[in-house]
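Quick caveat, the model's predicted, so the values are computed rather than measured. Protein chains get the first letters and strands the later ones, always in sequence-line order, with residue 1 at the start of each.
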Amino acid sequence: MSAKPFDIPLIAPRLLAWYDAHARALPWRAPPGANRTDPYRVWLSEVMLQQTTVATVRPRFEAWVARWDSVAALAAADEAEVMAAWAGLGYYARARNLHACARAIIAEHDGRFPEEEAALRRLPGLGDYTAAAIAAIAFGKRAVVIDSNIKRVAARLAARPTGEVRDVVDAITPDARAGDFAQALMDLANALCTVRAPKCLACPLRENCAGFATGDPAAFPARKPKKERPVRHGTLFWLRRGDDVLLVRRPTKGLLGGMRALPTGPWSEAPPDLSDAPAVADWRMLDEGVSHGFTHFQLDLSLACATYRGQEAPDGEWWPVADLARAGLPTVFAKAAAVFGRVECA
DNA sequence: GAATCGTGGAT
DNA sequence: TATCCAAGATT
């Protein structure tokens, strides 16, 4: 008897067999033969991987676990150190929630991760996906794990035009090896069931795939309409005092919340000016600016520089320019600092 | 439900 | 070069 499209009982065994032969070797995965994964490493990797590529996360994960090797160590760290260590990874609320979650596990869960999906779901920074992923991968629970990769694979398997596929994923998820199954779906999505030009001829689920049967699997799920991305302007202020430059900390909420930063005025549609400078000084505008793309707008920053000669200390902290790499600046500010490393401000 | 919230790589 | 988008969560 041959397989028919979306033949549910066949999917898990076929996919797991494929995974046993083709699983990516990743530093947060248990080595072959280990039957239990450190939940700290699973949790950390899952949070880092939210909207972030494996290639970006891999070295950052290695550096992180070398510095904080357990949830207890992370909970004991200063929040400012944790935020700085996240610099460059983006979506900085993740770092704040990561730290809050570590402290919640120490204070409210006796220092151990809860194993049930529902309890995990209540922890800071853990949504439906991450709670299910940790329950399945770290604790072997059967959980319906759905991320954008799995959503795409499921939509194609069932030939669903929308991403409403929870029933599909629930139907194909096995009772045993649910964590491997979820990771197998994600590896399959990454290697074969890609957004564009899926490699169906190499796919172990081709015969089970209703999307493949239609002849145009890439049509599932339908693409979302694109959104506008307006341009905002602002002025960034590079204020030197001796070997130091003035840094500020951004408000906890909002864009780049809680991160160290170079001072700027507001970001708006208005043309840039010097009216929001952090101190009275002989400001000079540079010819060169910095442009940076955020998710929902593009920022064009004008650059102003000056030497501080005042008496009163402006708000912020003086930071050695030679040590800026340790300040934990988000990328847009690191870009600006790089410009001032090249351009004289005389 | 829609907006908000970063970044770097692929195409 | 412009666009898409990746192991989403929160409000």
Side-chain angles (χ1 to χ4, degrees), chain A residues 23-24 26-29 37 41-61 83 86-98 100-101 120-138 143-154 162-164 169 179-191 193-198 218 221-232 250-259 261 267 291-299 328-335:
Chain A
R24 286 177 286 182
L26 299 171
W28 46 87
R29 285 184 176 169
T37 312
R41 295 168 69 90
V42 174
W43 164 64
L44 176 63
S45 67
E46 290 301 341
V47 173
M48 281 190 170
L49 286 162
Q50 289 166 5
Q51 299 291 285
T52 308
T53 59
V54 166
T56 297
V57 168
R58 188 193 295 261
R60 302 298 300 262
F61 175 87
M83 299 302 291
W86 200 269
L89 272 174
Y91 288 150
Y92 296 99
R94 292 185 294 173
R96 180 177 315 285
N97 286 331
L98 195 77
C101 183
L120 289 162
R121 179 66 180 81
R122 294 184 211 108
L123 291 168
L126 303 198
D128 290 341
Y129 163 75
T130 307
I134 295 173
I137 296 169
V144 180
V145 181
I146 301 176
D147 78 321
S148 64
N149 286 303
I150 294 174
K151 196 173 290 189
R152 182 173 65 253
V153 175
T162 71
E164 311 300 315
V169 180
D180 280 351
F181 183 73
Q183 295 180 89
L185 282 170
M186 293 188 277
D187 276 18
L188 184 84
N190 175 268
C193 199
T194 47
V195 175
R196 288 180 288 267
R223 313 280 279 272
K224 298 177 221 172
K226 65 172 181 183
K227 281 177 279 190
E228 297 273 325
R229 213 175 65 135
V231 178
R232 296 183 193 170
R250 294 179 59 81
T252 302
K253 287 183 169 290
L255 195 66
L256 312 177
M259 300 298 288
W267 303 346
S291 186
H292 187 76
F294 291 104
T295 304
H296 53 293
F297 68 94
Q298 175 184 313
L299 179 64
L329 294 179
T331 299
V332 62
F333 302 115
K335 279 187 190 177

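Residue whose closest nucleotide on DNA chain C sits further toward the 5' end, between Lys227(A) and Asp147(A): Lys227(A). When each of Arg196(A) and Tyr91(A) is assigned the nucleotide of DNA chain B bearing its nearest heavy atom, the one mapping closer to the 5' terminus is Tyr91(A).
At the heavy-atom level, Leu89(A) lies under 4.0 Å from base atoms of the strands shown. Residue-level contact check: Thr331(A) touches the backbone only, with heavy atoms under 4.0 Å from sugar-phosphate atoms and none from bases. Looking at heavy-atom distances under 4.0 Å, Leu26(A) makes contact with a base. Among the atoms of the strands shown, only primed sugar atoms or phosphate atoms (P, OP1, OP2) are found under 4.0 Å from some heavy atom of Thr130(A). Arg229(A) comes within 4.0 angstrom of no nucleic acid atom, judged by non-hydrogen atoms across all strands. Residue Gly293(A) is classed as a base contact, given a heavy-atom separation below 4.0 Å to a base. At the heavy-atom level, Val195(A) lies under 4.0 Å from the strands shown only through sugar-phosphate atoms. Asn190(A) comes within 4.0 angstrom of nothing in the nucleic acid, heavy atoms only. Here Trp28(A) lies in heavy-atom contact (under 4.0 Å) with a base. Contacts of Arg152(A) with the nucleic acid, taken as non-hydrogen atoms under 4.0 Å apart, involve only primed sugar atoms and P, OP1 or OP2. Backbone-only contact: Ser148(A) has heavy atoms under 4.0 Å from sugar-phosphate atoms and none from a base.
Distances from the side chain of Arg121(A) to the nucleotides dT10(C), dA6(C), dT7(B) place dT10(C) closest. With dG6(B), dG8(C), dC5(C) as the choices, the nucleotide that has an atom nearest any side-chain atom of Leu256(A) turns out to be dG6(B). Comparing dC5(C), dA6(C), dG6(B) by their closest approach to the side chain of Thr53(A) singles out dA6(C). Of the listed nucleotides (dG6(B), dT7(B), dT3(C)), dT7(B) has the atom at the smallest distance from the side chain of His292(A). Comparing dC4(C), dT10(C), dG6(B) by their nearest atom to the side chain of Arg94(A) picks out dG6(B). Among the nucleotides dG8(B), dG6(B), dA9(C), the one closest to any side-chain atom of Phe294(A) is dG6(B).
Panel note: side chain Thr56(A), backbone Val54(A); no donor-acceptor pair is recorded below 3.5 Å. The backbone N or O of Ile146(A) sits nowhere less than 3.5 Å from a side-chain atom of Lys151(A) that would complete a donor-acceptor pair. Under the 3.5 Å distance criterion, the side-chain polar atoms of Arg94(A) are matched with a main-chain donor or acceptor of Met48(A). Distance alone, capped at 3.5 Å, is enough to place a donor-acceptor pair between the Asp187(A) side chain and the Arg24(A) backbone.
To the nearest angstrom, P of dT7(B) lies 11 Å from CZ of Arg60(A). Between the P atom of dA9(C) and the OH atom of Tyr129(A) lies a distance of 8 Å, rounded to the nearest Å. Rounded to whole Å, atom C1' of dA9(C) lies 15 Å from atom CG of Leu49(A). Atom-to-atom, CZ of Arg58(A) to C1' of dA6(C) comes out at 15 Å; the value is rounded to the nearest Å. To the nearest angstrom, C1' of dA3(B) lies 13 Å from CG of Leu255(A). Nucleotide dA3(B) holds its P atom 11 Å from the NE2 atom of His296(A), rounded to whole Å. Atom pair Phe333(A):CZ and dG6(B):C1' shows a separation of 12 Å (rounding to whole Å applied). Between Leu98(A) atom CG and dT10(C) atom C1' there is a gap of 16 Å when expressed in whole angstrom units.
Considering only side-chain N and O atoms, Arg223(A) lies under 4.0 angstrom from the phosphate OP1 or OP2 of dC5(C). Not one side-chain nitrogen or oxygen of Gln50(A) sits closer than 4.0 Å to the OP1 or OP2 atom of dG8(C).
When the shell of 6.0 Å around CD of Glu164(A) is examined, it contains 12 or fewer heavy atoms from other residues, nucleotides or ligands.
The ring of Phe294(A) has its center closer than 6.0 angstrom to the ring center of His292(A).
Nearest heavy atoms, Ala189(A) versus Val153(A): CB-CG2, 3.7 Å.
For dG8(B), the base has no donor-acceptor partner in the side chain of Thr56(A) [N/O atoms by modelled type, under 3.5 angstrom].
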